[in-house]
Amino acid sequence: MTAPVFVVDHLAADSAGRYVLDGPEGRHAVSVKRLRQGEDVVLTDGAGRWAQCVVVDAEGKDRLVVRVGSFAEEPPESPRITVVQALPKGDRGELAVETMTETGVDAIVPWAASRCVTQWRGDRGLKALAKWRATAREAGKQSRRVRFPEIADAATTKQVAALLAEADFAAVLHEDREYGSEPLATAELPSSGTIVLVVGPEGGVSPEELDLFAQAGAKAYRLGRSVLRTSTAGTAATALLLGRTGRWS
């Protein structure tokens, strides 16, 4: 079992080479994980900087004192994989973020597609975005990542098209074979740079959106014979891309 991961805002040891993990993270370490002297933990800022540590003592219910080992920096992965995720209904958005984070996606862009039932407006949108970001943080810890995926602000269709235009490989998941979609499993992928993948809503990507994305250089691709839900398609596609680009080697 690999060492549990805890997130800190500022990763630095004191003059004695120790760090006190407190607050919600310290409470989880002491009262939930029940970590004790001599056990290994990993502290990270979630942006690639991390340190292997050893528990020195547990104080009260929410303070864990650790001895900090050497610091390390995990470089960004390449090619970088970004998934543009259409807004699903209910809590399926958090499910998509959770599983894509555990799989290894680098960035997720919420997208208000024309056929989305769910729309993020005002305070509701801000709360939903905060949930996505909190989910990515917790899933990153659970999967022992030290570089968590970026959860961008919600994007419009024009903003998604601009993102696709800048990518080294741009794809839209679209299961309609009559439209001319190709299998993602045989697409020619870059060995570096950026990959941007669009996952549409349950009702699919509209013809107008497909045309705009095609003008931006994105092609339509399919995963297989079955049609996946929007909350699972991004995870399946990410896994395929990670394997084909060698990132899972």
Side-chain angles (χ1 to χ4, degrees), residues 79-120 128 131-132 135-136 139 143 149 151-152 154-161 163-164 167-190 194-245 247-248:
R80 175 180 169 89
I81 299 175
T82 297
V83 174
V84 176
Q85 174 66 60
L87 306 179
K89 294 182 291 184
D91 60 359
R92 289 189 173 274
E94 288 96 275
L95 174 63
V97 171
E98 179 181 49
T99 53
M100 282 192 284
T101 298
E102 292 173 353
T103 304
V105 76
D106 300 297
I108 301 171
V109 179
W111 171 42
S114 62
R115 292 177 176 175
C116 283
V117 175
T118 299
Q119 296 292 328
W120 287 1
K131 284 185 178 180
W132 281 34
T135 299
S143 55
I151 309 297
T156 64
T157 297
K158 287 185 178 180
Q159 289 172 327
V160 172
L163 187 65
L164 291 168
D168 294 289
F169 177 82
V172 181
L173 287 186
H174 192 60
E175 78 281 358
D176 187 356
R177 294 171 185 265
E178 294 182 1
Y179 180 82
S181 59
E182 302 174 9
L184 187 61
T186 57
E188 185 176 348
L189 302 176
T194 58
I195 293 174
V196 178
L197 178 74
V198 176
V199 178
E202 297 294 347
V205 183
S206 73
E208 295 77 16
E209 291 164 339
L210 284 170
D211 288 343
L212 183 61
F213 295 161
Q215 293 172 27
K219 292 184 178 181
Y221 292 91
R222 61 183 183 273
L223 285 173
R225 295 181 180 180
S226 61
V227 178
L228 300 179
R229 301 199 70 160
T230 185
S231 54
T232 55
T235 300
T238 296
L240 175 61
L241 294 172
L242 288 169
R244 293 203 55 224
T245 56
R247 284 182 48 176
W248 266 7

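The two residues A86 and A113 come nearest to each other via the heavy atoms CB-CB, 4.3 Å. Between A171 and A218, the shortest heavy-atom contact is N-CB, 4.3 Å. In terms of heavy-atom proximity, A155 sits nearest to V160 at CB-CG2, 4.0 Å. Annotation for F169 and A187: closest pair CZ-CB, 3.9 Å, computed over non-hydrogen atoms. Nearest heavy-atom pair across A112 and Q119 is CB-OE1, 3.7 Å. A pairwise comparison of heavy atoms in T101 and A136 identifies CG2-O, 3.6 Å as the closest pair.
Exactly one of V83, V109, L164 qualifies for a side-chain contact (heavy atoms from CB on, under 4.5 Å) with V196. That residue is L164. Residue L173 is tested with V199, V198, L228, V205 for a side-chain contact (heavy atoms from CB on, under 4.5 Å); the sole match is V199.
Rounding to the nearest 0.5 Å gives a distance of 9.0 Å between OG of S231 and CG of D91. Taking CD from E188 and OG1 from T186, the interatomic distance works out to 10.5 Å, rounded to the nearest 0.5 Å. Rounding to the nearest 0.5 Å gives a distance of 14.5 Å between CZ of R92 and CG of L87. Taking NE2 of H174 as the start and CG of L223 as the end, the distance is 13.0 Å to the nearest 0.5 Å. Rounded to the nearest 0.5 angstrom, I81 CD1 and T194 OG1 are separated by 10.5 Å. Put simply, CG on L240 and OG1 on T245 are 9.0 Å apart, with the number rounded to the nearest 0.5 Å.
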Passes side chain to side chain contact (heavy atoms under 4.5 Å, CB included), T99 versus T232? Steps please. CA-CA 8 Å; T99 53; T232 55; over 6 Å; no
Can you check side chain to side chain contact (heavy atoms under 4.5 Å, CB included) on I195 and L241, steps first, answer last? CA-CA 9 Å; I195 293 174; L241 294 172; 4.0 Å; yes
Run the side chain to side chain contact (heavy atoms under 4.5 Å, CB included) check on T157 and W111 step by step: do they pass? CA-CA 7 Å; T157 297; W111 171 42; 3.1 Å; yes
Full working for side chain to side chain contact (heavy atoms under 4.5 Å, CB included) between R222 and L184: CA-CA 6 Å; R222 61 183 183 273; L184 187 61; over 6 Å; no
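Between the side chains of S206 and E209, at least one donor N or O lies within less than 3.5 Å of an accepting N or O. Side chains of T230 and Q85: a donor-acceptor N/O pair is present below 3.5 angstrom, by distance only.
Remark: the backbone N or O of L212 is not paired with any side-chain donor or acceptor of Q215 at under 3.5 angstrom.
Salt bridge absent: E202 and K89 never bring a charged side-chain N and a carboxylate O closer than 4.0 Å. A salt bridge links D106 with R247: at least one charged nitrogen is closer than 4.0 Å to a carboxylate oxygen.
Taking the six-membered ring where the residue is Trp, the centroids of W120 and W132 are separated by under 6.0 Å.
The closest side-chain heavy-atom distance from T103 to M100 is not below 4.5 Å. When side chains are defined from C-beta on, V172 does not count as touching Y221, because their heavy atoms never get closer than 4.5 Å.
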